[in-house]
K.L.:
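Just passing along the structure, written as structure tokens.
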Amino acid sequence: MSTPTVLRFGVFFQGVNFSTVWTQPDSGPQTDFESFRRLAQTAERGLFSAFFLGEGLRLREHLGALHQLDVAGRPDAQTQLAALAAVTSRIGLVATQNTTYNDPLDLAHRFASLDLLSGGRAAWNVVTTDNAWTGENFRRGGYLDHADRYRHAEAVVVAAKALWDAWDAPLAGSADSADSASWSADDPSTVVEVDTGHYRATGRSRLPQSPQGRPVLFQAGDSPEGRDFAARQADVIFSAHSAFDDARAFADDIHQRTLKAGRPAGDVKIFPGQEFILADTDAEAEEKARWVRREQVTPQTAIAFLENIWGTELSAYDPDGPLPEIDPVQEVTGETRGAGFRAAQAKTTADAWRERARAEDLSIRELVIRLNSGRGFVGSPSSVAATLQRYADAGAVDGFNITPWLIPSGLDDIVDRLVPELQERGIYPTAYEGETLRENLGLRPLQEEQDARRSA
Ligand SMILES: Cc1cc2nc3c(=O)[nH]c(=O)nc-3n(C[C@H](O)[C@H](O)[C@H](O)COP(=O)(O)O)c2cc1C
């Protein structure tokens with residue numbers, strides 16, 4: 001029998017969302033560093049590989065106003081991770097940053113800075129961002145369609161890697177760094193050029209390499225273009241495919257794409273996002289899950305969820321009553337304003353929801369809860385450990401990016417009760433394997449990875 005995969009955990013905060021519950025007495029506002037410090041240190045106690053921040057560059061709007069029901073208004077990811085670097089020592093620090101709107105060489109420098117200051121623990125979750133209205137925040141505006149966004153993204157990532165690789169020196173501050181090689185003004189190979197068709201720049205690195213060589217690259221984007229991009233460039237894919245069969249199919253697909261890209265299949269690790277809801281017994285965990293879903297989908301959230309499809313105010317409707325009989329006022333939901341639905345046919349969706357609500361006798365709020373309840377491992381620590389064993393045996397994932405639904409205590413039972421069960425089963429690390437994120441994700445050393453690409 002093949003050896004089971006050792007699973008690794010990350011903790012994932014979405015940029016804007018309604019599923020994180022911040023209403024407990026000790027939750028604190030999400031601008032409060034203390035909540036994040038506590039979570040990052042708890043995750044580190046649980047030997048998590050990564051602390052991962054999603055990022056939205058514009059707050060979501062809803063019917064022309066700020067979407068107040070979202071968790072909204074969080075400090076910039078890189079700044080926040082720099083602060084967390086000072087109060088942690090092993091956990092990786094992953095910032096989601098957008099390739100469409102950042103200046104590539106500047107962004108690469110900021111990541112190199114975080115990587116050096118954290119001792120080789122930084123990673124970049126590369127996203128292209130799928131809504132044009134975010135572009136209104138930026139000088140160049142929302143100017144790229146889907147295919148162009150990926151072409152641009154790849155050129156940006158290639159330039160960032162070139163910049164990071166160009167100053168090939170040992171760790172800054174180490175005994176031999178003062179007289180080690182750095183880039184030379186006479187050496188054209190140390191000049192980095194970016195030309196994406198939309199953007200041109202030329203630069204040179206301002207920093208030597210960190211202990212892990214360069215920041216680890218995550219990628220989040222699910223289309224064939226996104227998957228191929230990850231297969232060529234990423235170290236880790238952050239996916240939305242967590243259900244067992246779906247996860248296996250996704251892993252098969254990514255392994256094939258990775259081989260096609262000329263890399264060994266296992267060189268791209270796969271971490272789906274997932275919620276964990278634990279209690280002493282399975283029955284108690286199910287009860288807790290019902291409570292969590294009702295906390296996540298408040299009466300106002302349920303109405304706002306429908307308004308995304310109907311395209312009009314529905315506050316006169318009772319969240320505990322039936323769905324509106326009136327039809328949506330829009331044909332297709334926009335990709336803009338962050339509605340959360342990408343170009344959905346409004347009437348078809350409304351009809352399907354009404355049909356389901358009638359068939360299952362659901363109120364508005366109950367329907368919205370069902371629509372949002374697909375994800376999550378729910379059970380006692382030993383049941384959830386058994387579920388994870390199945391993933392490990394099948395090699396369906398390399399780990400999970402856990403979305404804590406409760407702040408700040410949402411990781412406590414995972415670390416204190418689930419992690420020991422997994423360690424006993426031999427499917428979770430019992431210590432940090434190294435000092436850098438690369439090591440603690442089970443990735444090969446950078447040089448070896450680059451050699452494997454060349455010989456694949
Ligand atoms: C699991 C996952 C997480 C994502 N997280 C973010 C994020 O935090 N910020 C962001 O701007 N876009 C995020 N995206 C959006 C992607 O960057 C991308 O723009 C979008 O998925 C459209 O590309 P696709 O058609 O390849 O999926 C995420 C996508 C996925 C699949």
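Note that the numbering runs from 1 along the sequence shown for the chain. Since the model is a prediction, treat every value here as computed from it, not as a measurement. As the structure lists them, so they are numbered: ligands from 1, and atoms in each ligand from 1.
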K.L.:
Test: salt bridge (charged side-chain N to carboxylate O under 4.0 Å, His left out). Region: residues 293-309. Which pairs qualify, not counting sequence neighbours?
P.N.:
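For residues 293-309: Glu275-Arg293.
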K.L.:
Check Asp253 with Arg257, please: is the shortest side-chain N to carboxylate O separation under 4.0 Å?
P.N.:
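Yes, charged N to carboxylate O under 4.0 Å.
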K.L.:
Hey, could you give me the CG/OG1 distance between Asn308 and Thr312, rounded to the nearest 0.5 Å?
P.N.:
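Between Asn308 CG and Thr312 OG1, I get 12.0 Å after rounding to 0.5 Å.
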K.L.:
Sorted by first residue and then second, give each ring pair (Phe, Tyr, Trp, His ring centres under 6.0 Å) pair with at least one member in residues 81-105; sequence neighbours left out.
P.N.:
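Output for this query lists Tyr101-Phe138.
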K.L.:
Can you list the atoms of ligand 1 that are under 4.0 Å from a heavy atom of Gly221?
P.N.:
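Per the distance check, 21 (O), 26 (O), 27 (O), 31 (C).
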K.L.:
Just to be sure I read this right, does ligand 1 sit under 4.0 Å from the backbone of Glu55, its side chain, both, or neither, counting only heavy atoms?
P.N.:
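The backbone, only.
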K.L.:
Answer yes or no: does an N/O atom from Thr129 fall short of 3.5 Å to an N/O atom of ligand 1?
P.N.:
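So ligand 1 has an N or O lying under 3.5 Å from an N or O of Thr129.
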K.L.:
Which of the atoms in ligand 1, numbered in the order shown and given with their element, are less than 4.0 Å from a heavy-atom of Ala220?
P.N.:
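Answer, ordered by atom number: 2 (C), 3 (C), 4 (C), 16 (C), 17 (O), 28 (C), 29 (C), 30 (C).
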K.L.:
In a check of side-chain contact (heavy atoms from CB on, under 4.5 Å) between Phe9 and each of Val415, Leu422, Leu411, which one passes?
P.N.:
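Considering Val415, Leu422, Leu411, a side-chain contact (heavy atoms from CB on, under 4.5 Å) with Phe9 is found only for Leu422.
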K.L.:
So which bit of Thr128 gets within less than 4.0 Å of ligand 1, heavy atoms only: side chain, backbone, both or neither?
P.N.:
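Within the 4.0 Å criterion, Thr128 contacts ligand 1 through backbone and side-chain atoms alike.
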K.L.:
With a cut-off of 4.0 Å, which atoms of ligand 1 are near a heavy atom of Thr96?
P.N.:
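Atoms satisfying the 4.0 Å criterion: 7 (C), 8 (O), 9 (N).
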K.L.:
Residue-level breakdown please: for Phe238 versus ligand 1, do any non-hydrogen atoms fall below 4.0 Å on the side chain, on the backbone, on both, or on neither?
P.N.:
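The answer is both.
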K.L.:
Answer yes or no: does atom CZ of Arg248 have more than 12 heavy-atom neighbours from other residues, nucleotides or ligands under 6.0 Å?
P.N.:
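Open: at most 12 neighbouring heavy atoms sit under 6.0 Å from CZ of Arg248.
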K.L.:
Suppose I only count heavy atoms of Gly54 and a 4.0 Å limit; which atoms of ligand 1 are within that range?
P.N.:
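Those of ligand 1 that fall under 4.0 Å from Gly54 are 8 (O).
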K.L.:
Please list, in number order, the atoms of ligand 1 under 4.0 Å from a heavy atom of His146.
P.N.:
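Taking each heavy atom of His146 in turn, ligand 1 has 23 (O), 24 (P), 25 (O), 26 (O) under 4.0 Å.
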K.L.:
For Tyr150, take its heavy atoms, then give the atoms of ligand 1 lying under 4.0 Å from any of them.
P.N.:
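Taking each heavy atom of Tyr150 in turn, ligand 1 has 23 (O), 24 (P), 26 (O) under 4.0 Å.
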K.L.:
Go through the steps to decide whether Phe377 and Phe400 satisfy the test ring pair (Phe, Tyr, Trp, His ring centres under 6.0 Å), and finish with yes or no.
P.N.:
CA-CA 11 Å; Phe377 293 140; Phe400 287 96; 5.3 Å; yes
